[in-house]
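Taking it in order: structure first as structure tokens, then the write-up.
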Number of protein chains: 2
Amino acid sequence: MTGAALSASNACPLCLEAGGLVVAQTPLWRVVRVVDANFPAFYRLIWQAHVAEFSQLSEAEAQACMAAVTAIERVLLSALSPTKINLATLGNVVPHLHWHVIARFDWDSHFPNPIWGAALRETSEPAELRLAVPLAELDARVAAALHKLAV
Amino acid sequence: MTGAALSASNACPLCLEAGGLVVAQTPLWRVVRVVDANFPAFYRLIWQAHVAEFSQLSEAEAQACMAAVTAIERVLLSALSPTKINLATLGNVVPHLHWHVIARFDWDSHFPNPIWGAALRETSEPAELRLAVPLAELDARVAAALHKLAV
């Protein structure tokens with residue numbers, strides 16, 4: 001890690017804290033589940049090193065990063081049959097590379113708006129209860145898929 | 001292309017139309033510039049085949065896709081020195097794989113909110129005039145970077 005990266009990390013919340021419930025990790029990345037009542041099937045891949053932009057990764061790192069994002073996406077698709085998967089890396093508030101991987105449903109509070117847009121409906125029961133698989137089981141499936149990548 | 005893909009394409013706007021000003025294309029993808037007064041440096045990579053989710057691509061296709069997204073990002077970073085690049089593939093409204101690649105500035109109408117969130121300020125002059133490089137020149141640089149990938 002360079003001196004610049006070390007000094008940046010001192011003020012970066014994703015360098016200081018896990019940033020969520022850690023589901024799996026390698027020296028390159030960690031994957032956490034984000035706790036959001038509206039979007040319960042919401043994972044985040046956080047690059048371990050303090051890098052701001054995706055294009056700062058080497059080709060091998062970028063491929064490893066997207067392989068992990070893709071593995072999460074595949075688990076969400078097969079376990080939950082969501083209406084759509086949303087992937088995004090924004091980092092406007094915390095410019096430390098992280099990817100949002102979110103299962104979206106046509107019944108969720110915002111669909112088809114992005115989760116950052118306006119809510120479109122009230123949901124009568126907790127979204128978590130409408131998932132086909134309990135979150136603990138989903139975490140386990142995501143972890144298993146990621147561990148396969150890491151070996 | 002499978003029969004299912006063909007039948008889906010008949011109702012899909014990204015199968016029927018370019019979806020923007022085409023800057024570069026290959027048999028796998030096309031890149032268009034999106035015309036948005038608030039976010040002038042906004043490109044979109046559209047997968048040519050009618051595929052909904054990123055994880056439906058083969059590994060080689062996914063790598064080609066992200067190599068092109070990365071090439072666009074690098075041009076935006078070097079030409080414009082934006083505050084941040086935002087990458088996203090949502091597809092809630094049009095479930096045909098496309099990637100948004102957007103240069104964000106701390107002075108833009110929404111920053112640090114996502115472009116899909118609430119506006120935070122009025123901008124006194126057109127955002128396009130604040131870019132370090134005119135859009136025609138930016139398009140040319142994006143096209144040149146993408147053409148290098150395609151050969």
Side-chain angles (χ1 to χ4, degrees), chain A residues 39 51-78 80-106 108 110-120 145 149, chain B residues 39 51-78 80-106 108 110-120 145 149:
Chain A
F39 311 105
V51 168
E53 304 288 0
F54 181 68
S55 65
Q56 293 175 254
L57 301 185
S58 71
E59 193 174 326
E61 289 171 334
Q63 288 176 10
C65 180
M66 295 313 291
V69 166
T70 300
I72 301 166
E73 174 175 310
R74 287 190 175 133
V75 171
L76 298 185
L77 287 168
S78 69
L80 305 178
S81 299
T83 311
K84 193 68 189 67
I85 298 289
N86 292 174
L87 304 178
T89 182
L90 307 177
N92 301 334
V93 176
V94 180
H96 175 132
L97 181 63
H98 57 282
W99 279 92
H100 307 284
V101 184
I102 314 153
R104 299 296 309 279
F105 298 89
D106 56 13
D108 77 34
H110 289 55
F111 196 91
N113 281 352
I115 69 165
W116 306 281
L120 294 175
L149 284 183
Chain B
F39 311 105
V51 167
E53 303 288 359
F54 181 68
S55 65
Q56 293 175 256
L57 301 185
S58 70
E59 193 174 326
E61 288 171 334
Q63 288 175 10
C65 180
M66 295 314 291
V69 166
T70 301
I72 301 166
E73 174 175 310
R74 287 191 174 133
V75 171
L76 299 186
L77 286 168
S78 69
L80 305 178
S81 300
T83 310
K84 192 69 189 68
I85 297 290
N86 291 174
L87 304 179
T89 181
L90 308 177
N92 301 335
V93 176
V94 180
H96 174 132
L97 180 63
H98 57 283
W99 279 92
H100 306 284
V101 183
I102 314 154
R104 301 295 310 278
F105 299 89
D106 56 12
D108 77 33
H110 289 56
F111 197 90
N113 281 352
I115 69 165
W116 306 281
L120 294 176
L149 285 183

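Heavy atoms only: backbone and side chains are in, while hydrogens, waters and symmetry mates are out.
Residue D106(B): no heavy atom, backbone or side chain, is found under 4.5 Å from chain A. Looking at L77(B), the atoms closer than 4.5 Å to chain A (heavy atoms on both sides) all sit in the side chain, from C-beta outward.
Looking at T70(A), V75(A), I72(A) one by one, the single match for side-chain contact (heavy atoms from CB on, under 4.5 Å) with S55(B) turns out to be T70(A).
The distance from the CD atom of E53(A) to the CZ atom of R74(B) is 11.0 Å, given to the nearest 0.5 Å. Here the CG-CD1 distance, from L90(A) to I102(B), works out to 8.0 Å after rounding to the nearest 0.5 Å.
Proximity of F54(B) to I85(A): side-chain heavy atoms (C-beta onward) are nowhere separated by under 4.5 Å. Looking at heavy atoms from C-beta onward, L87(A) lies in side-chain contact with W99(B) at the 4.5 angstrom threshold.
Taking M66(A), Q56(A), R104(A) one by one and counting their heavy-atom pairs under 4.5 Å with chain B, the maximum is reached by M66(A).
Side chain of K84(B) to backbone of A52(A): a donor-acceptor contact under 3.5 angstrom is found.
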Legend entry - Test log, rule side chain to side chain contact (heavy atoms under 4.5 Å, CB included), inputs F111(A) and N92(B): CA-CA 7 Å; F111(A) 196 91; N92(B) 301 335; 3.7 Å; yes
